[in-house]
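Below is one structure, written out as structure tokens, with a few remarks after it.
The first residue of the sequence shown is numbered 1, and numbering continues consecutively from there.
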Amino acid sequence: MNVHLHWFLPTGGDGRTLVDRHAYTDGGIKRDRITPVSGVRAPDIEYLAQIAKAAEQLGFEAVLTPTGTWCEDAWLTTVALAQHTERLKFLVAFRPGVISPVLAAQMAATYQRITRGRLLLNVVTGGDSTEQRRFGDHLDHDRRYARTAEFLSVVRGAWSGQPYDFDGEHYQVEGGLTALPPDPLPEIFFGGSSAAAGPVAAAHADVYLTWGEPPAAVKEKIDWIRGLAEEQGRTVRFGIRLHTISRDSSREAWATADRLLGDLDPETIAAAQQALGKSESVGQQRMLGLHGGSRDKLEIAPNLWAGVGLVRGGAGTALVGSHAEVADRIEEYHALGVEHFVLSGYPHLEEAYWFGEGVTPELSRRGLLPTVPASPLLGVNGAESRAATAPGGAPLLLAGGR
């Protein structure tokens, strides 16, 4: 079982800080109690194309594109970026409650034809009622998961090539059909840590995706979902969502983590924790429990740092260390059954290079990856004898606001 590496497209903006200004203080609407941050990059198509091209060149299979109020639409952005890339796949996140399942099936089929089969789907049920209501969705947490199960049943039925009828609590479909089914069928990535989420993952997911918890906790989740899937005669594969800070030495990596932490004032952390604490997501509450809102003891497992989750919702942990140490941790998760690694780092352009030129070759040497494509500039020395594609030498497009 090879490791599958994926990167992240910051369609809500990027920068040299952990502060996600859209994640707190009234959902970012009032934008108060937020310290201005320098070095913020707007998510325009030129900058996102730089990241996508870098990810493709460095051997990442796909890029995850988020969904929500504070980012660009994932479908439209990624189909545009597909015109700037050749092989890279796009893991498109979307909420099933705000779109017809038959329309979603048709969109996926069209997307596959336009991109020649480069679509993956990340189904996000939603753990924030305020955000859900903003899109007209008023169901409670558990009913949202029940609706997701129906949604995915209809999508797969519409992909069958034959008229499909469905009569459920949330959807009633007569003759649902995608005239030209997608080829290949997009793999469905799905996450959720609640009791309501588990059966949905077991019945419908191709890849169950968890946020980055310590290995023992991840193993518990894998065993839980694997057992539920076996009861239904299915096999589910597993993925993990993590940030990375990988450097030539452990000292350099932790110095970067310390610098990111140093950018955060107590008021910023308190505001973020207050907002994130209102989330209905069990996974989000598990992320918050890893650090308890405190700057102390943020290395919660070897090379696993919970500092990101002090201010960022969703994935709140990072692998921090030398390239070999980060590879060790990936190998450890892989031994538990994790196949897909969806990674990110601040800023996303530079961190893609740090990982792709440091950790990816290490994983390949260990037999966890097929041979990765070499950069055309690899081995060409730039300033200070650093490879010309290394972070610090990569061209950057800076833009203000997000």
Original post:
Taking the six-membered ring for Trp, are W7 and F60 parallel (under 30°), tilted (30 to 60°) or perpendicular (over 60°)?
Top reply: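 Tilted.
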
**OP:** Specify whether F190 and Y145 have parallel, tilted or perpendicular ring planes, treating 30° as the upper limit for parallel and 60° as the lower limit for perpendicular.
**Re:** perpendicular

Going by an N to O cut-off under 4.0 Å, is there a salt bridge joining [X] and [Y]?
| X | Y | answer |
| --- | --- | --- |
| D137 | R147 | yes |
| R247 | E350 | no |
| E131 | R134 | yes |
| E187 | R237 | yes |
| R366 | E362 | yes |
| R143 | E169 | yes |

Closer than 3.5 angstrom, by distance alone: can the side chain of [X] be matched with the main-chain N or O of [Y] as a donor-acceptor pair?
| X | Y | value |
| --- | --- | --- |
| Y208 | G192 | yes |
| R226 | K221 | no |
| S249 | E252 | yes |
| R144 | L139 | yes |
| E150 | A146 | no |

Subject >> Considering all heavy atoms, the nearest L228-P199 contact >> reply: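 It is CD1-N, 3.9 Å.
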
Subject >> Residue R259 excluded, over 12 heavy atoms near CZ under 6.0 Å >> reply: yes

Original post:
Counting only heavy atoms not in R251, do more than 12 sit closer than 6.0 Å to its CZ atom?
Top reply: no

Original post:
Out of curiosity, M1 CE to F238 CZ, how far, rounded to the nearest 0.5 Å?
Top reply: 10.0 Å

Original post:
What's the verdict on side chain to side chain contact (heavy atoms under 4.5 Å, CB included) for V207 and V236, showing C-alpha distance, side-chain angles and the deciding distance?
Top reply: CA-CA 6 Å; V207 178; V236 176; 6.0 Å; no

Subject >> Partner of T85 under side-chain hydrogen bond (donor to acceptor under 3.5 Å, both in side chains), chosen from K53, Q57, R118 >> reply: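 Looking at K53, Q57, R118, the match for T85 under the side-chain hydrogen bond (donor to acceptor under 3.5 Å, both in side chains) is R118.
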
**OP:** Please determine which of R241, H6, E61 meets the side-chain hydrogen bond (donor to acceptor under 3.5 Å, both in side chains) test together with H340.
**Re:** H6

Subject >> Sub-6.0 Å ring centroid separation between F151 and H170 >> reply: no

Original post:
Less than 6.0 Å separating the ring centroids of F8 and H348?
Top reply: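 Aromatic pair counts; centres sit under 6.0 Å.
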
**OP:** May I ask you to establish whether R95 and F135 are in a cation-pi arrangement, using a distance under 6.0 Å from NZ or CZ to the six-membered ring centre and at most 45° from the ring axis?
**Re:** yes

